[in-house]
Chemist: 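Sharing a structure below in structure tokens format, with a few things to ask.
Numbering of ligands and ligand atoms starts at 1, following listing order. Because only heavy atoms are used, hydrogens play no part in the values below, and waters and symmetry mates are left out as well, while side chains stay in.
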Amino acid sequence: MPKKYDLHIHSVYSRDSSLKPKVILKLAKERGLDGIAVTDHNSIKGGVVTSKLNKDKDFEVIIGSEIKTKQCEVLGYYLQEEIKSKDLLEVLDKIKEQGGFSVIAHPFTIIPRLNLRYPLNEIKEKVDGLEAFNSRSVFPFENKRAFNAAEKYKLAMTGSSDSHSKIELGRAFTIFDGELRTAIAKRKTRAEGLIRYSKIGRLCTLHYKLFKFFY
Ligand SMILES: [Zn+2]
Ligand SMILES: [Zn+2]
């Protein structure tokens, strides 16, 4: 049976997400996922807490982070330490040094403008994959471009919800056989999902930011 992982989830350790680690685990299992990566903004804390909470050997929690650099946002997976650098090339090196793998988050997104602003051709040997499906994309062509670029540069494809709220979790995922690391290294992953909830997700974030006190 192929496995399904949602590889981009924000927890309350990101200031714009309402998802508590306990809730993330519960929802991910309810929605049929075999694993997740918790990828908070510039922090591995949510991943560390969630992985400690997880007692299920058949469910994997990957400690990750979405690191904001001057050139784009990078997702780092299987991290052990915080990465403080803001330079894309340096961040890619630091992820590798820790034994992790890297994926450029939403490389062609235009709203908000958090796309890749660096020639992909020059980092294709350094980066492992592209987020070929991000559920928060407002326009389908953003994901289509990411998919095409991953094919062109022979990079792994990941799918993820980028969830910040309950409704979004598991709306997109990465499908693969065996171990995730191996599938990424061999470029044998697929990305699938829905963007139908992208606007609702953004509204939930706004609601959370305004009424944080009540959550
Ligand atoms: Zn992002
Ligand atoms: Zn994100």
Chemist: Between K94 and E90, is the closest basic N to carboxylate O distance under 4.0 Å?
Modeler: no
Chemist: Determine how many protein N/O/S atoms sit closer than 2.8 Å to the Zn ion (ligand 1), leaving waters out since they are not shown.
Modeler: 3
Chemist: Does the structure place the NZ or CZ of K45 under 6.0 Å from the centre of the six-membered ring of Y13, at an angle of no more than 45° from the ring's axis?
Modeler: no
Chemist: Is the gap between the ring centers of Y77 and F101 under 6.0 Å?
Modeler: yes
Chemist: Is NZ or CZ of R190 both nearer than 6.0 Å to the six-membered ring centre of F176 and within 45° of the ring axis?
Modeler: no
Chemist: Excluding sequence neighbours, so at least two apart, what forms side-chain hydrogen bond (donor to acceptor under 3.5 Å, both in side chains) with K126?
Modeler: D93
Chemist: Under 4.0 Å between a Lys/Arg side-chain N and an Asp/Glu carboxylate O for R171 and D6?
Modeler: no
